[in-house]
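These figures come from a predicted structure and were not determined experimentally.
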Amino acid sequence: MRRQRGRAALASLAMVALMTVTATGCGTALQDLGPLPPRFSGPALPADAVVSEMTSVLAAEGITVARQPSDGPGRCTERLMGRHAPETAGSALEAAFARARSEHGWQAGPDLGGGTLTLTKGNWTVLASRPSPEAAQGLQAPVVMSLTCLDPGGSTASPTPAPAAESP
């Protein structure tokens, strides 16, 4: 019994020493480096402008999409959905993303792998998955593009109050 208490006490002392060394060593690594850089540069882009740009680059590649209603008020997401011939849907979507980069100033987004295409511009990120070339006979491949913003900025106009009527 005495041997178990001795081992427990020794283990406790070792843990305290380890925690002290860890806390002391990490103290210098947790220094204040100042404010974080902005999440995006430039003015916030309005949703209508972003949807218009993405719709036009898709249309230039033969993909017709419709804007889906967003999930609710205060949400900063948009979705474009359409259909395209399964044989060329993937290449048309890649060409549309290349056109958005070259003609509209979009930048390549983070690599998410798995056949996912991403773009970023200002406060917006665009995400689309390459459609599968194997579609059921007679059906077109679905094309879905998700647009998400970091900060809506001034994308929605605030209501202006009506002038009050003067009483005589």
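Put simply, CH2 on W124 and CG on L147 are 6.0 Å apart, with the number rounded to the nearest 0.5 Å. How far CG of L127 is from OG1 of T120: 12.0 Å, rounded to the nearest 0.5 Å. How far CE of M54 is from CD1 of I63: 10.0 Å, rounded to the nearest 0.5 Å. Here CZ of R99 is found 14.5 Å from CD of E94. Values are rounded to the nearest 0.5 Å. The CZ atom of R79 sits 13.0 Å away from atom CE of M145, with the distance rounded to the nearest 0.5 Å.
Taking both residues in full, the closest heavy atoms of A92 and H84 are given as CB-NE2, 3.9 Å, listed atom of the first, atom of the second, then distance. When all heavy atoms are compared, the tightest approach of P131 to P142 is CB-O, 3.7 Å.
Between E61 and L93 the shortest side-chain heavy-atom distance does not fall below 4.5 Å. Two residues are said to be in side-chain contact when any heavy atoms from C-beta on lie closer than 4.5 Å; L45 and E53 fail this criterion.
Under the 4.5 Å side-chain heavy-atom criterion for ILVMFWY residues, a single connected hydrophobic cluster contains both V143 and V51.
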Inset, instruction - Kindly indicate, with the supporting measurements, whether the criterion side chain to side chain contact (heavy atoms under 4.5 Å, CB included) is fulfilled by T55 and L80. - result: CA-CA 8 Å; T55 302; L80 301 175; 3.9 Å; yes
Inset, instruction - Please report the C-alpha distance between R67 and D48 in whole Å, then the side-chain angles of each, then the deciding distance to 0.1 Å, and finally whether the side chain to side chain contact (heavy atoms under 4.5 Å, CB included) criterion is met. - result: CA-CA 10 Å; R67 184 178 189 174; D48 291 337; 2.9 Å; yes
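A donor-acceptor contact shorter than 3.5 Å is absent between the side chain of K121 and the backbone of A100. A distance-only check finds no donor-acceptor pair linking the side chain of T148 to the backbone of T125 [under 3.5 Å].
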